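First listed ligand is number 1; within each ligand, the first listed atom is number 1. A quick note: this is a predicted structure, and the numbers were derived from the prediction, not measured.
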Amino acid sequence: MTFVKEAFDKNWIAPLGFNCDSFENEMIEYVNEDCKALSLCSGTAALHLAIKLAGVKRGDVVLCSDMTFAATVNPVSYEGGVQVYVDSERETWNMDPDALEAAFKKYPNAKVVMLAHLYGTPAKMDEIMQICEKHGAILIEDAAEALSSTYKDEQCGTFGKYGVFSFNGNKIITTSGGGMLITRTAEERNYAFKLATQAREPAPWYQHEEIGYNYRMSNVVAGIGRGQLLHLEEHRELKAKIYERYREGLAGLPVTMNPYLDCSKPNFWLSCMLIDDDCAVDPMTVMEHLAEKNVESRPIWKPMHMQPVFKNNDFITVADKPVNEDIFAKGLCLPSDIKMTEEEQQYVIDAVRECF
Ligand SMILES: *Cc1c(COP(=O)(O)O)cnc(C)c1O
């Protein structure tokens, strides 16, 4: 409220402004001081600008995470690029380095990789980075769900050439809606800023040499972000406790929680369970039982290669049965909001247990 009120007190309600500058600086202080940040109206806008900065043109292949939200991959289409989907591994549910290597074999001209850290769990970054380097490909990290998650003590969103965060209403911190683009250099950040402000050239009149967008974040919204950022660690701790309580509460059932690597610290944005292969219980049955008890749950993101809109896009897997189809068929996202009380969570756990 203090930061938002300041915007009103100074009568600075327009896009851009002091809260945007401060929010960018404070985010950089949090994630990595060697990076640059640009606040934008959504994570999707940040992803679109990352695709533009990576130079994706009509017909270019982009190797993409397959099990993610459509917003990760839609911006490839905005630029006429072609998504090729890469299956996941079982240790983090993120892009499988072996499948990525296979994708480069089939598409040696691919120059961009779009990687999402699913549900806030860091991907296998050492392997992914090494493969991208070997093939001279640009890595874009969709860390929309993974702000504050670390891999070997480094922040998600700062590994790739470009990183993206979202402050949508459901994320670990929110501005109601908003996003941020992370770049390595001020030049790239400033070029993205120009594209985000209708591609105005530095001239006294309105001069345009390329096509731009209206993607800026407002000074009021950035004030919300600054306030939320102060609570990020607290949100993280609450999310971790929720995950831990599910793990303990569901122990003994034929289910496992969404997994992560020992060298990473997820932000536990969303807690999910996976029903064992040899157990006949269908996650939809669990979802319906929970719904009867007024508890909302959701299937895992439906893999992109199974989406009608991407029916003509290629999908690369190295497994006999695609890992993502299996996780989609056997997984369920559990209520993970930090406002949920311990009693409410126990009610959810009890309801899940009744299904087995
Ligand atoms: C939320 C989300 C986005 C989109 O962010 P918005 O700010 O809603 O545009 C992109 N990718 C993933 C993985 C997300 O979860």
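Listed by chain and number, residues touching ligand 1 at under 4.0 Å (heavy atoms only) are Ser42, Gly43, Thr44, Leu47, Thr68, Phe69, Ala71, Thr72, Asp142, Ala144, Glu145, Ser166, Asn168, Lys171, Gly178.
Checked against the 6.0 Å centroid threshold, Tyr85 and His305 do not count as a close aromatic pair. For Tyr260 and Phe268, the gap between ring centers is short of 6.0 Å.
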query = Are Ser39 and Glu24 close enough, and set up right, to give a side chain to side chain donor-acceptor pair (under 3.5 Å), and what steps lead you there?
reply = CA-CA 6 Å; Ser39 49; Glu24 288 169 5; 2.8 Å; yes
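When each of Val86, Asp87, Asp96 is tested with Thr317 by the rule side chain to side chain contact (heavy atoms under 4.5 Å, CB included), just one qualifies, namely Asp87.
Between the CE atom of Met273 and the OH atom of Tyr246 there is a distance of 10.0 Å, given to the nearest 0.5 Å. Of the inter-residue distances, the one linking Ile172 atom CD1 with Leu229 atom CG reads 11.5 Å to the nearest 0.5 angstrom.
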